[in-house]
Amino acid sequence: MRRLSSKLFRSEDTPAIARSLLGKLLVVPGPAGERVSGMIVETEAYLGVTDRAAHSYGGRRTARNEITYAVGGHVYVFFVYGMYHQLNIVTGPPNHPHVVLVRGVEPVEGIDLMRERRATVAYKNLTSGPGKLCVAFGIDRSFNGKKLSGKRIWIEDYRDISAADIAIGPRIGIDYAGEDAGRPWRFWIRGNSFVSRPRIESRPAKDENISL
DNA sequence: TGTCCGATTGGT
DNA sequence: CCAATCGGACAG
């Protein structure tokens, strides 16, 4: 298994990075050093200071989102709703606070441990959402600021996903973002059951300026 | 220090 | 549809 080149995360084209992460393998070793992994099936791009849905909108820079201003390849983990963590990958050059949110993963290795961590939920619910997958992988705020080139968390090549199998649509849970709420910056593998909300139909990317 | 609210989830 | 649950952002 080969880790992704850290170069990939330094691109300024965050939607393209979000799309390219589909089919890649997220690896977070368990307590005994064993492999715990899953194939990324759903991502969202957050485009920094101009994106009303982003934590860095308008140049906001706080203790919480400080790491998003670092060079691409770092991990940004934040806590919401009093109980859930969210896993993000920082992208772009320094002072370019774009990120990719990992919203869905298909379990590959360490499934027994994921089951323990997620208690009694059905297999299909193990990792089909940004909060769920953080529980299954044991991701909390101690991961904030870690590098994907380190030992606690990384991403490997795994499967190639053809363009025909990729769906694109507006992001989830950001209705407060005004015009930016409708931007097609959510990407998922069509038909995969670990996508958090498969019901939302995809639409052509042609109406928006994203490279695919 | 006080208030408001969230890039969600699971149960009604 | 709605409660859970608490840290972060920001106003005062």
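The analysis underlying the following values was restricted to heavy atoms, covering all of them including side chains, and did not include hydrogens, waters or symmetry mates. Just so you know, these numbers come straight off a predicted model, no measurement behind them. A, B, ... follow the sequence lines: proteins, then strands. Residue 1 opens every chain.
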- Task: Write down the distance between CZ (A/Arg60) and P (B/dG6), rounded to a whole number of angstrom.
- Result: 12 Å
- Message: Quick one about A/Ser128 and A/Lys124 (side-chain donor to acceptor, distance below 3.5 Å, no hydrogens or angles considered), yes or no?
- Response: no
- Item | From C/dT5, B/dA7, C/dA9, nucleotide with atom closest to A/Thr62 side chain | C/dA9
- Task: Could you pick out which residue, A/Tyr81 or A/Arg64, lies toward the 5' side of DNA chain C when each is mapped onto its nearest nucleotide?
- Result: A/Tyr81
- Among C/dG8, B/dA7, B/dT8, which nucleotide sits nearest the side chain of A/Ile174? B/dA7
- B/dG11 pairs with, by Watson-Crick or G-U criteria that keep both distances under 3.5 Å: C/dC1
- Message: My understanding is that only one of A/Asn65, A/Leu87, A/Leu101 makes a side chain to side chain contact (heavy atoms under 4.5 Å, CB included) with A/Tyr76; could you say which?
- Response: A/Asn65
- Message: Quick check against the 3.5 Å criterion: does A/Ser6 have a side-chain atom that pairs as donor or acceptor with the backbone of A/Gly73?
- Response: no
- Message: Should A/Tyr46 be counted as stacked on B/dA7, where stacking needs a ring-centre gap under 5.5 Å and an angle between planes under 30 degrees?
- Response: yes
- Query: Rounded to the Å, how far apart are A/Asn65 CG and C/dG7 P?
  - Reply: 18 Å
- What is the distance from CZ of A/Phe79 to P of B/dT9, rounded to the nearest Å? 13 Å
- Note on the structure: To the nearest angstrom, the CZ-P distance between A/Arg118 and B/dT8 comes to 14 Å
- Is there a side-chain hydrogen bond (donor to acceptor under 3.5 Å, both in side chains) between A/Glu44 and A/Tyr46 once you walk through the steps? CA-CA 7 Å; A/Glu44 286 179 354; A/Tyr46 286 83; 2.7 Å; yes
- Heavy atoms under 4.0 Å, any strand shown: does A/Asn88 hit a base, just sugar-phosphate, or nothing? base
- Specify the separation, in whole Å, of atom OH of A/Tyr84 and atom P of C/dA4. 13 Å
- Let me know the distance between CH2 of A/Trp188 and P of B/dA7, rounded to the nearest Å. 20 Å
- Query: Starting at CD of A/Gln86 and ending at P of B/dG6, how long is that distance when rounded to a whole Å?
  - Reply: 13 Å
- Under 4.0 Å between any heavy atoms, over every strand shown, what does A/Arg103 touch: base, sugar-phosphate, or nothing? Just pick one. sugar-phosphate
- Query: Given that both distances must come in under 3.5 Å, which nucleotide forms a Watson-Crick or G-U wobble pair with C/dA11?
  - Reply: B/dT1
- Base, sugar-phosphate alone, or nothing: which one does A/Gly82 contact when heavy atoms must sit under 4.0 Å apart? base
- Would you mind classifying the nucleic acid contact of A/Arg61 as base, sugar-phosphate or nothing, using non-hydrogen atoms under 4.0 angstrom? nothing
- A/Asp140 versus A/Ser142, side-chain donor and acceptor atoms under 3.5 Å: yes
- Query: Looking across every strand, which nucleic acid part, if any, lies under 4.0 Å from A/Val99 by heavy atom: base, sugar-phosphate, or nothing?
  - Reply: base
- Message: Using whole Å, what does the distance between atom P of nucleotide B/dT8 and atom CG of A/Leu101 come to?
- Response: 8 Å
